[in-house]
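Per chain, numbering begins at 1; letters A, B, ... match sequence-line order.
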Amino acid sequence: MTFISLRNVTTLYSLENVSLDIAEGELIVLLGFTGAGKSTLLNVVAGLTEYQGEVYFNQQNMNGIPTERRDVGYLLQDIYLFPHLNTFDNIAFGLRANSCPADEITEKVEAILALLHIGHLKKRYPKDLSGGEKQRVGLARSLVMEPKILLLDEPLASLDPATARNIRKEFKALHNRLNLTTLYVTHDFTEARELADRIVVIINGELKQSGSAQDIFCQPAPEIQEFIAAAN
Amino acid sequence: MKRKIFRKDLLFLLPIFIFLLLWEISGCIAQTPLFPPFSKVVTEFWFLLGNGILLKNLGASLARVLVGYTLGCLAGLVVGVLMGLNKVVERSLSPLIGILFPIPTLGWLPLLMLWIGINEALPVTLIFICAFFPVAYNTLTGIKGVSEEYIKAARTLKASSWFILRHVMLPMALPNIFTGLRLEAGMVWRTVIAAEMFAISTGIGSLLINAESLIRVDVIMVCLVLLSLMCTGFERIFLWLEYKTTGAWR
């Protein structure tokens with residue numbers, strides 16, 4: 001069943017008539033060069049940028065609905081943990097912003113800390129966290145809000161290959177467990193192949209091909225062949 | 001370890017001790033009321049403390065500083081935040097602040113004497129001006145320095161604009177705000193003293209100018225030492241507050 005539906009989405013500089021249907025619980029990897037419009041597409045879904053066209057969540061038109069009412073979790077590329085809050089408070093931020101009772105906050109934060117194996121980091125400030133730890137805390141901060149949709153913008157781009165591989169595995173397991181509808185931006189083919197239920201290739205703001213990893217890499221559309229060749 | 005710290009403290013106190021010793025010796029040799037020895041200044045300090053003159057004048061200066069500084073900081077904070085949040089307010093007020101900020105605080109004194117008259121409101125207004133501009137400017141810089149991405153992150157966590165201001169923007173602007181507060185914490189004492197010397201009959205500044213007319217160098221020196229302590233003390237309080245509020249995460 002379609003959960004997110006984008007209809008002819010166009011933005012001022014990046015996207016050109018993008019239409020895409022995403023099923024509930026599906027993990028879509030958006031693949032493309034830097035500047036192709038992948039992050040802009042996430043911003044459109046999150047309601048963080050102006051656009052033309054229509055965005056539907058569960059058949060409800062989201063045009064004009066602000067970010068804070070869209071029920072999306074968004075892990076930005078550089079994570080942007082709040083530097084003045086420790087891990088616990090960073091994760092609890094959204095719950096506090098929504099007036100969640102204190103005991104419920106503690107319960108939820110402790111649960112997500114345990115789920116992501118970061119309980120030992122709860123009193124540390126972002127300046128004392130490694131890149132991988134920051135990614136986990138950022139993910140915990142998004143997940144604790146129990147969003148229906150998770151948006152991840154190149155979350156592993158700044159990590160060394162070994163840490164990225166580990167987090168990727170953990171994330172895939174977590175996604176299967178929570179069944180979150182996810183849009184995952186990357187320009188890394190390995191990441192796309194390992195994670196995606198479906199890969200969507202965006203080139204110069206246009207959606208060029210959508211399909212399984214096998215479709216994309218074994219039977220690429222003509223423009224994608226060029227993209228794959230350039231990336232290799 | 002303890003011994004090492006003790007030695008460090010001694011090293012820090014040594015120049016002060018040598019300075020006071022030299023002062024004492026020179027004062028005893030000079031034998032003139034224009035350069036009293038340190039011991040005479042200490043005696044005078046105890047005398048002025050005992051008869052209440054010092055506390056009365058210090059209290060008057062302190063009250064002016066606290067009222068003017070608090071009002072100036074609060075107004076600066078509000079204006080800085082409004083300018084940081086709203087481009088129209090920033091564009092409207094920036095030229096005005098750009099023109100008024102560089103005027104030395106004491107430059108306002110003659111004008112304010114004519115406008116306000118010689119009363120308690122004069123030093124308070126001067127201190128208000130002294131505190132207002134740097135705090136407003138530094139708050140603006142701090143608020144504008146908060147990356148848009150943090151705001152985006154907070155919005156995706158369903159935070160309202162008011163919550164983002166209180167829990168993201170203001171805390172992240174704190175280092176800048178404290179720079180403004182700390183810079184002016186000492187300056188307001190210099191300002192109140194100047195105002196009291198020229199226009200007000202109570203306060204440490206007034207005590208200083210009266211001592212000058214009576215050629216009481218010992219009293220002048222008591223006041224100067226006290227001023228040095230107050231300026232340093234005020235700056236240290238804000239340094240401590242800054243450390244307490246931002247030290248863990250910076």
Side-chain angles (χ1 to χ4, degrees), chain A residues 39 42-43 45-49 65-87 89-100 105 123-129 134 137-153 183, chain B residues 73 77-78 80-81 84-88 135 138-182 237-250:
Chain A
S39 301
L42 295 194
N43 286 337
V45 174
L48 287 167
T49 191
I65 294 185
T67 306
E68 51 272 27
R69 283 176 44 212
R70 287 199 174 201
D71 210 0
V72 292
Y74 194 169
L75 185 59
L76 298 157
Q77 189 171 356
D78 293 316
I79 314 160
Y80 293 98
L81 295 177
F82 304 118
H84 58 289
L85 301 177
N86 64 24
T87 295
D89 292 332
N90 254 293
I91 298 172
F93 181 90
L95 299 170
R96 288 192 178 125
N98 290 278
S99 311
C100 201
I105 290 175
K123 286 190 176 160
R124 285 203 212 158
Y125 284 88
K127 74 176 171 73
D128 301 318
L129 299 174
K134 279 182 190 165
V137 175
L139 192 58
R141 187 174 68 173
S142 297
L143 290 178
V144 80
M145 299 298 290
E146 297 169 6
K148 290 196 179 109
I149 296 161
L150 187 61
L151 310 172
L152 301 130
D153 191 357
L183 275 156
Chain B
C73 288
L77 206 64
V78 171
V81 168
L85 292 180
N86 190 311
K87 281 202 171 119
V88 177
V135 172
N138 280 287
T139 304
L140 168 66
T141 311
I143 294 281
K144 284 184 73 96
V146 177
S147 162
E148 189 61 35
E149 300 301 310
Y150 286 109
I151 317 285
K152 263 191 197 174
R155 285 179 63 200
T156 64
L157 295 166
K158 303 180 187 173
S160 65
S161 301
W162 175 239
F163 192 88
I164 293 172
L165 173 66
R166 280 191 306 142
H167 295 275
V168 179
M169 299 178 92
L170 278 176
M172 286 179 71
L174 268 184
N176 282 81
I177 294 172
F178 268 112
T179 303
L181 291 173
R182 199 157 30 82
I237 287 171
F238 281 100
L239 208 60
W240 178 79
L241 279 175
E242 186 178 357
Y243 175 74
K244 278 283 161 195
T245 49
T246 68
W249 56 273
R250 284 174 78 192

Measuring from atom NZ of B/K152 to atom OH of A/Y80, what distance do you get when rounded to the nearest 0.5 angstrom? 8.5 Å
Measuring only between side-chain heavy atoms, which start at C-beta, is A/N86 closer than 4.5 Å to B/W249? no
Just so I know, are the side chains of B/F163 and A/R96 near enough to count as touching, which here means a heavy-atom distance under 4.5 Å? yes
Give me the atom names and distance for the closest heavy-atom approach of A/L48 to B/R155. CD2-NH1, 4.0 Å
Would you indicate whether the side-chain heavy atoms of A/F82 and B/P171 approach each other to under 4.5 Å? no
When you look at B/L174 and A/H84, which way does the side chain to side chain contact (heavy atoms under 4.5 Å, CB included) test go after all the steps? CA-CA 10 Å; B/L174 268 184; A/H84 58 289; over 6 Å; no
Minimum side-chain heavy-atom gap A/E68-B/S160 below 4.5 Å: no
Heavy-atom pairs under 4.5 Å with chain A - which of B/V168, B/T245, B/T246 has more of them than the others? B/V168
Do you know which two heavy atoms are closest between A/R141 and B/A153, and how far apart they sit? NH2-CB, 3.7 Å
Taking all heavy atoms of A/K127 and all of B/A248, pick out the closest pair and write down the distance. CE-O, 3.2 Å
So for A/L75, is it side chain, backbone, both, or neither that comes closer than 4.5 Å to the heavy atoms of chain B? neither
Is B/S147 in contact with chain A via its backbone, its side chain, both, or neither, using a 4.5 Å heavy-atom distance? side chain
Can you tell me how far apart OG1 (B/T156) and CD1 (A/I149) are? Round to the nearest 0.5 Å. 12.5 Å
Determine the minimum heavy-atom distance between A/A97 and B/K158, stating which atoms define it. CB-O, 4.3 Å
Note: vs chain B, highest number of non-hydrogen pairs under 4.5 angstrom among A/D128, A/L81, A/D78 is A/L81
To the nearest 0.5 Å, what is the distance between CG (B/L157) and CE (A/M145)? 6.0 Å
Distance col, row B/E149:CD vs A/D153:CG, nearest 0.5 angstrom, shows 9.0 Å
Can you tell me which portion of B/R166 sits under 4.5 Å from chain A's heavy atoms? Options are side chain, backbone, both or neither. neither
